[in-house]
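Structure first, then comments.
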Number of protein chains: 2
Amino acid sequence: MAHATAARQGAQTSPEDHADLEDLVGYNLKRAYVIVDADFRRALGEDGLAPRVFSALSLIVHIPDITQSDLARRLGIERSGLVAITDDLEARGFVIRQPVPGDRRVQALAATKAGKAAYLEALQTVRAHEARLLSDLSPAEAETLVGLLRKIRQIGD
Amino acid sequence: MAHATAARQGAQTSPEDHADLEDLVGYNLKRAYVIVDADFRRALGEDGLAPRVFSALSLIVHIPDITQSDLARRLGIERSGLVAITDDLEARGFVIRQPVPGDRRVQALAATKAGKAAYLEALQTVRAHEARLLSDLSPAEAETLVGLLRKIRQIGD
DNA sequence: GGTTGATTGTTTCTACGGTTAACAATATAG
DNA sequence: CTATATTGTTAACCGTAGAAACAATCAACC
């Protein structure tokens, strides 16, 4: 409808005038993501697992002999990006690449004993980090948030 | 057909077995952010404004003669990071750096007529992108989501 | 059974967003 | 007037990621 002339006003800045940005989901999503991501890294320390490495390890622990391609699909990233992640985990001794009898292209990923232990410890740390960071949200709110985020994620599939 | 060899999809991983990751706010936040960010860029096109540039332009339009330092603070990034953003906007003819009488260190940022027009157009595009992308969420849900994300943002301040 | 097409892991290149540390110019406080 | 702080800026660097290419391997199929 009547969209006023482009360069109109803009003179005085009333508080709710910035509302544009503040009301956008994307903007708030990004700002929140940056904060949570930074705190995650702080929580896991200088040489701790990066978020994406932690995520990969989680899936490897839970899905024995998962393939890198499959893992990439589940994480929503490219196959090529998984090489560095796997290298990282292998260098730490948390994961090994195992040849798969029957298909010599594939290398199944398996968590070592150390990998499983490290995962469980990291998981504790991550849970503590989230509990601390999200202490302003009630459990119900946190659950709601996760549910809504999943709805958005779903679109990407 | 499916040989039941080692590559077989992980010895029946029950769905709730991955729950670790799926229940973490950070993981879901990141996945959702990636999707929204990618769609934002797609919506604004190859040579369109990047998300951060759009955000900066929005604040410049709404807050006349804002300072780069102030803008950085409001966007939650470093001063140094704003130089490239401002360069971008200036190269497009959307913003000019103006000397401020009284303090020769500062250069106030002002949106040009073209900048204001471009912002309004981009805003329409962005709103359409969000409406499309978030069509699975009811308006109430979207509002709830923004509210919860703001609560997280608040922590960072 | 040999050709065609797809898949897997990988490397290399590129791009982007962002931080840190330094710096010169300028302003402010004591 | 000196010491300190602030502003915009540059340069070096890191982390994440995608795209494109490639060799090895597998599957299809005629």
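Minimum atom distance to the side chain of B/Arg41 is reached by C/dC16, of the listed C/dT20, D/dC26, C/dC16. Residue A/Lys30 places its side chain closer to C/dG18 than to any other of C/dT20, C/dG18, D/dT16. Among C/dG9, C/dT19, D/dA19, the nucleotide with an atom closest to any side-chain atom of A/Glu78 is D/dA19. When each of D/dT16, C/dA25, C/dA6 is scored by its nearest atom to the side-chain atoms of B/Arg105, the top-ranked nucleotide is C/dA25.
The CD atom of B/Gln68 sits 16 Å away from the C1' atom of C/dT26 (whole-angstrom rounding). Protein atom CG of B/Leu82 is 12 Å distant from nucleotide atom C1' of D/dT7, rounded to whole Å. Straight-line distance from the CD atom of A/Gln107 to the P atom of C/dT8: 13 Å, rounded to whole Å. Counting to the nearest Å, the C1' atom of D/dC14 and the CD1 atom of A/Ile85 are 16 Å from each other. Rounded to an integer number of Å, the gap from A/Ile77 CD1 to D/dT16 C1' is 9 Å. Distance, B/Leu49 CG to C/dG17 C1': 16 Å, rounded to whole Å. Summarising the geometry, the separation between CG on A/Leu71 and C1' on C/dG9 is reported as 13 Å, rounded to the nearest angstrom. In this entry the distance linking CG of A/Asp88 with P of D/dC14 reads 15 Å, nearest Å.
Comparing B/Asp103 and A/Ala50 by the nucleotide of DNA chain D that holds the closest heavy atom to each, the one mapping nearer the 5' end is B/Asp103. Checking B/Gly81 against B/Gly102, the closest nucleotide of DNA chain C that is more toward the 5' end is the one next to B/Gly81.
One finds no side-chain N or O of B/Arg97 lying less than 4.0 angstrom from the OP1 or OP2 phosphate oxygen of D/dG8. A/Arg73 has a side-chain polar atom (N or O) that falls below the 4.0 Å cut-off from OP1 or OP2 of C/dT8. Between B/Arg104 and C/dA27, a side-chain N or O to OP1/OP2 separation shorter than 4.0 Å is present.
Among the protein residues, B/Ser69 comes within range of the sugar-phosphate backbone only, with heavy atoms under 4.0 Å from sugar or phosphate atoms but none that close to a base. A/Ala84 comes within 4.0 angstrom of no nucleic acid atom, judged by non-hydrogen atoms across all strands. Within the 4.0 angstrom heavy-atom criterion, base atoms lie near B/Val83. As judged by a 4.0 angstrom heavy-atom cut-off over every strand, B/Arg79 is placed among the base-contacting residues. Counting any heavy atom pair closer than 4.0 Å across all strands shown, B/Thr67 reaches sugar-phosphate atoms only and no base atom.
For A/Ser80 and D/dA17, a side-chain-to-base donor-acceptor distance below 3.5 Å is absent, hydrogens and geometry of angles not being considered.
If you look at B/Tyr27 and A/Phe54, their ring centroids are not closer than 6.0 Å.
Looking at B/Asp87 and B/Arg97, a side-chain N of the basic residue comes within less than 4.0 Å of a carboxylate O on the acidic one, giving a salt bridge. At a threshold of 4.0 Å, the pair A/Arg92-A/Asp47 does not count as salt-bridged, since none of the basic side-chain nitrogens sits closer than that to a carboxylate oxygen.
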Worked check of salt bridge (charged side-chain N to carboxylate O under 4.0 Å, His left out) between B/Asp136 and A/Arg150: CA-CA 11 Å; B/Asp136 279 8; A/Arg150 282 214 200 98; over 6 Å; no
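When atom types are taken as modelled, the side chain of B/His62 and the backbone of B/Ser58 share a donor-acceptor pair closer than 3.5 angstrom.
A distance of 7.0 Å separates NZ in B/Lys30 from OG in A/Ser55, rounded to the nearest 0.5 Å.
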